[in-house]
Amino acid sequence: MSAISFQSVSKAYPSPRGPQGATFLALDGVSLEVAEGEFFGLLGPNGAGKTTMISILAGLTRATSGRVTVMGSDVQADYAQARRKLGVVPQELVFDPLFNVREALRFQSGYFGIKNNDAWIDELLESLGLTDKANANMRQLSGGMKRRVLVAQALVHKPPVIVLDEPTAGVDVELRQTLWQFIAKLNKQGHTVLLTTHYLEEAEALCSRIAMLKTGRIVALDQTSALLKAASSNVLRFKTADTLPDALASRARITGRIVQLPAHNALEIEQYLAAVREAGVSVEDVEIRKADLEDVFIDVMKAAGESI
């Protein structure tokens with residue numbers, strides 16, 4: 001039995017620009033299986049359909065067609081049972097200003113019918129660095145602390161499946177480290193984790209398997225190691241304040257002064273450097289590195305765009 005199963009799932013919305021009655025597909029026949037105990041990454045640009053998938057998984061949105069299950073429970077036909085098996089950390093900072101942190105977690109426990117849950121609540125507070133904030137009102141917390149409380153609320157009923165939707169967006173390094181240490185521990189204990197993130201280095205480090213989504217369709221799905229092996233074997237990286245020749249610029253990933261060029265072999269690297277010298281481009285901090293998940297992601301999205 002899969003922990004999460006999407007079976008030919010589509011979701012259509014009314015088109016804001018088309019004629020009356022026109023629709024657009026936020027999801028287009030998505031099929032996906034996440035195994036029990038897996039740490040799975042779901043990646044894609046904004047508008048790819050990731051949040052729609054999570055909304056359907058959590059029972060907040062109904063699929064137009066197809067079927068979704070959590071640990072065998074249908075998210076529409078058996079919503080209550082499916083929801084008990086799922087813990088979702090949303091992107092948005094949603095909180096009740098009337099409660100302090102401990103009260104919010106006790107209330108969330110009650111929502112799932114769990115009594116006498118203080119021992120687990122104490123463990124969550126300690127693991128997420130919230131012990132000294134247990135009696136603080138939610139309104140008094142910083143954005144990072146509110147994010148920690150959202151994680152605790154998602155885990156308070158000990159769900160076997162944990163969904164993290166951009167959990168570290170806009171938070172500090174300390175919270176990222178605290179969160180990933182705790183989530184990795186839960187994953188080792190058998191919890192299934194589904195992660196969406198724009199921090200691709202996190203996905204590369206944490207996820208054993210990854211799906212990439214674009215315009216509502218899965219355009220890549222494989223083991224993380226296999227995706228990395230399929231990428232260009234090396235990347236030439238350097239800094240420059242000069243303008244690159246068009247032939248190089250069209251192949252480069254440029255971030256500020258940093259230029260990165262995919263290279264399949266040593267000859268290609270030599271050709272790049274020769275072209276730079278001939279153009280009179282001044283470079284510094286030259287290095288050659290292995291391709292990472294960001295390189296793979298850019299290649300996949302580009303290829304998907306050309307095939308659509």
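Heavy atoms only: backbone and side chains are in, while hydrogens, waters and symmetry mates are out. Quantities reported herein were computed from a predicted structural model and do not represent experimental measurements.
- Residue pairs meeting the ring pair (Phe, Tyr, Trp, His ring centres under 6.0 Å) criterion with at least one partner in residues 148-169, sequence neighbours excluded, are F112-H157.
- In this structure K85 satisfies the side-chain contact (heavy atoms from CB on, under 4.5 Å) test together with V70, M71, S73, Q81, P160, sequence neighbours excluded.
- Residue pairs meeting the side-chain hydrogen bond (donor to acceptor under 3.5 Å, both in side chains) criterion with at least one member in residues 36-50, sequence neighbours excluded, are E38-R209, N46-H198.
- Not a single salt bridge (charged side-chain N to carboxylate O under 4.0 Å, His left out) links E204 to another residue, sequence neighbours left out.
- Within the 3.5 Å criterion, the main-chain N or O of L86 finds a donor-acceptor partner in the side chain of R83.
- In this structure, R277 has no salt bridge (charged side-chain N to carboxylate O under 4.0 Å, His left out) partners at least two apart in sequence or on a different chain.
- There is a path of hydrophobic side-chain contacts, each under 4.5 Å, that joins W180 to F182.
- A donor and an acceptor atom, one from each side chain of D242 and S282, are nowhere located under 3.5 Å apart.
- When the side-chain contact (heavy atoms from CB on, under 4.5 Å) test is applied to N187, the partners found at least two apart in sequence or on another chain are F39, V193.
- Side-chain atoms of T64 come within 3.5 Å of backbone N or O of A12 as a donor-acceptor pair.
- The number of heavy-atom neighbours closer than 6.0 Å to CZ of R62, taken from other residues, nucleotides and ligands shown, is 12 or below.
- Under the 3.5 Å distance criterion, with hydrogens and angles disregarded, no donor-acceptor pair is assigned to the side chains of R67 and Q76.
- Remark: A226 pairs with D222, Q223 by the side-chain contact (heavy atoms from CB on, under 4.5 Å) rule, at least two apart or across chains.
- Sorted by first and then second residue, the side-chain hydrogen bond (donor to acceptor under 3.5 Å, both in side chains) pairs involving residues 24-35 (not counting sequence neighbours) are S2-E33, S5-E33.
- With sequence neighbours left out, K239 forms a side-chain contact (heavy atoms from CB on, under 4.5 Å) with R257, I258, E284, D285.
- Contacts of E123 classified as salt bridge (charged side-chain N to carboxylate O under 4.0 Å, His left out), with partners at least two apart in sequence or in another chain: K185.
- Heavy atoms of other residues, nucleotides or ligands lying less than 6.0 angstrom from CG of D132 number more than 12.
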Validation: residues 97-104 side-chain donor-acceptor distances under 3.5 Å, sequence neighbours left out:
unit_1, atom_1, unit_2, atom_2, d
N100, OD1, R102, N, 3.2
N100, OD1, E103, N, 2.8
R102, NH1, D122, OD1, 2.9
R102, NH2, D122, OD1, 3.0
E103, OE1, N100, N, 3.0

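- Under the salt bridge (charged side-chain N to carboxylate O under 4.0 Å, His left out) criterion, R237 pairs with no residue, sequence neighbours left out.
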